[in-house]
Trainee: 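Input: one structure, supplied below.
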Amino acid sequence: MNGFIGLTKRNLLLYFKDRQAIIFSLLTPIIIFVLYILFLKDNYADSMLQIVETMHLSISAKSIDQIVYTLLLSGIMGSSLITIPYSCLSTIVKDKETKVDHDIATTPMKRYQIALAYYTGATISAFLMTALLFTVGLLFLHGLGNLYMDGYTILQLYGLIFFGSISATACIMVLVLFFKSTSASDACYGLLSAGCGFVIGAYIPLSQFSDSIQNVCNLLPATHSTMMIRNLLSKGVLDHMEKTIMGGDMFVKEIKNVFSYHATMFGHDLSIMHSLLYIGILFVLSIFAIILIYAKTYRRK
């Protein structure tokens with residue numbers, strides 16, 4: 001147990017002491033934020049205002065902005081659940097390339113303990129960084145106006161971030177274990193960073209894509225986590241509109257359809273519980289895969 005804790009601590013320190021790794025792991029969330037401020041915010045707001053005008057409703061631009069910013073924050077959270085774990089897990093590839101894994105393999109630790117130490121370190125790093133981003137974003141949203149969010153909902157959101165961290169890290173680690181060089185790992189990271197904003201629906205709502213593309217996007221646990229965070233973040237505002245505005249229920253229904261508040265896979269709309277179950281199954285399968293792959297790939301020398 002001491003070896004497991006020590007290796008986990010070592011992996012945590014490697015990430016948090018590397019400022020460049022932290023900056024690059026946050027690069028995609030930063031890009032999403034900049035794009036929202038410069039372009040996407042107005043596009044999303046205009047789309048919602050068109051719905052308002054079509055339905056002849058009386059909804060203020062400030063209320064629209066609140067919904068738009070919840071979409072922004074959920075997109076940042078979703079991308080963080082991909083880029084931060086990947087950046088932390090790159091330690092595995094670096095250790096293999098520099099032969100550090102040979103030294104680790106000579107310790108009395110079991111190989112599954114070594115694999116789980118890498119996983120645990122990356123999960124803790126991902127949760128802490130994503131939770132920090134969420135806290136800053138939540139304070140920003142509260143500064144814009146009342147989100148009608150109670151303490152229990154906030155706790156649920158932190159719970160979703162934790163659940164998203166453990167599941168996304170497990171799935172990403174399965175991929176990272178196959179890389180033998182940092183150049184190949186970095187190339188894959190570049191592709192993920194460029195594409196994750198589209199996959200989770202941060203740039204364009206997934207409802208705008210074809211059914212086949214939506215099916216592929218919703219295979220990733222981070223997409224489901226983003227969707228669930230989006231639902232909880234805007235639930236208070238949307239519920240308030242639904243109860244206080246005549247015709248607000250139709251507006252809320254249209255918003256949820258257009259901006260993908262529910263995952264759709266193979267022609268079926270998944271509920272929150274279905275998404276949680278799907279992520280849970282992927283997590284369990286990924287943990288088993290990690291242990292098996294590490295045992296075969298990283299043998300004692």
Side-chain angles (χ1 to χ4, degrees), residues 8 10-41 68-94 118-143 154 157-158 160-173 175-176 179 182-183 185-204 220-230 233:
T8 301
R10 174 253 185 187
N11 295 332
L12 283 167
L13 291 175
L14 283 177
Y15 173 72
F16 283 109
K17 284 186 176 182
D18 190 343
R19 295 181 180 179
Q20 287 187 341
I22 293 175
I23 292 173
F24 278 108
S25 67
L26 297 177
L27 190 59
T28 300
I30 292 172
I31 291 174
I32 290 175
F33 176 78
V34 172
L35 287 178
Y36 259 90
I37 298 301
L38 295 179
F39 307 107
L40 296 177
K41 176 182 178 294
V68 171
Y69 280 117
T70 61
L71 296 175
L72 161 62
L73 185 54
S74 65
I76 290 175
M77 295 300 97
S79 63
S80 299
L81 291 174
I82 295 176
T83 58
I84 296 176
Y86 195 106
S87 181
C88 299
L89 290 168
S90 63
T91 302
I92 299 175
V93 185
K94 293 176 183 176
Y118 282 114
Y119 166 76
T120 303
T123 299
I124 294 173
S125 300
F127 173 70
L128 291 177
M129 291 300 296
T130 307
L132 177 62
L133 287 175
F134 174 70
T135 302
V136 174
L138 196 61
L139 291 173
F140 174 76
L141 288 181
H142 275 290
I154 294 175
L157 283 163
Y158 279 107
L160 278 178
I161 292 171
F162 176 73
F163 190 59
S165 298
I166 64 174
S167 59
T169 303
C171 292
I172 292 171
M173 187 169 174
L175 173 65
V176 171
F179 291 116
T182 54
S183 58
S185 175
D186 291 344
C188 182
Y189 178 75
L191 292 174
L192 279 177
S193 298
C196 70
F198 293 99
V199 172
I200 64 174
Y203 299 142
I204 302 172
L220 293 179
T223 305
H224 290 263
S225 297
T226 305
M227 178 270 297
M228 290 187 287
I229 291 171
R230 184 183 300 132
L233 267 176

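Keep in mind that what you see is a predicted model, and the values were worked out from it rather than measured.
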Trainee: For Tyr119, check ring pair (Phe, Tyr, Trp, His ring centres under 6.0 Å) against everything at least two apart and list the hits.
Mentor: none
Trainee: Measure across Gly78 and Thr226 and return the closest heavy-atom pair with its distance rounded to 0.1 Å.
Mentor: CA-OG1, 3.0 Å
Trainee: State yes or no: are the ring centers of Phe24 and Tyr189 separated by less than 6.0 Å?
Mentor: no
Trainee: Residues two or more places apart in sequence or in another chain: which of them pass side chain to side chain contact (heavy atoms under 4.5 Å, CB included) with Thr120?
Mentor: Phe4, Thr8, Ile124
Trainee: May I have the step-by-step check of side-chain contact (heavy atoms from CB on, under 4.5 Å) for Arg10 and Leu14, ending in yes or no?
Mentor: CA-CA 6 Å; Arg10 174 253 185 187; Leu14 283 177; 3.4 Å; yes
Trainee: If a pair satisfies side chain to side chain donor-acceptor pair (under 3.5 Å) and one of its residues is in residues 72-85, list it, with sequence neighbours excluded.
Mentor: none
Trainee: Do other residues, nucleotides or ligands put more than 12 heavy atoms under 6.0 Å from Phe33 CZ?
Mentor: no
Trainee: Is there a donor-acceptor pair closer than 3.5 Å between any side-chain N or O of Ser25 and the backbone N or O of Ile22?
Mentor: yes
Trainee: Who passes ring pair (Phe, Tyr, Trp, His ring centres under 6.0 Å) against Phe162, sequence neighbours left out?
Mentor: Phe127
Trainee: Can you list everything that forms a salt bridge (charged side-chain N to carboxylate O under 4.0 Å, His left out) with Lys41? Sequence neighbours excluded, please.
Mentor: Asp65
Trainee: With sequence neighbours left out, write down each residue that passes ring pair (Phe, Tyr, Trp, His ring centres under 6.0 Å) with Phe134, or none if nothing qualifies.
Mentor: Tyr158
Trainee: Evaluate the side-chain contact (heavy atoms from CB on, under 4.5 Å) criterion for residues Thr28 and Ile32: first the C-alpha distance (whole Å), next the side-chain angles of each, then the deciding distance (0.1 Å), finally the verdict.
Mentor: CA-CA 6 Å; Thr28 300; Ile32 290 175; 4.2 Å; yes
Trainee: Hey, is the main chain of Ile84 close enough, under 3.5 Å, to the side chain of Ser87 for a donor-acceptor pair?
Mentor: no
Trainee: For Gly75 and Ile200, which heavy atoms make the closest approach, and how far apart are they?
Mentor: O-CD1, 3.4 Å
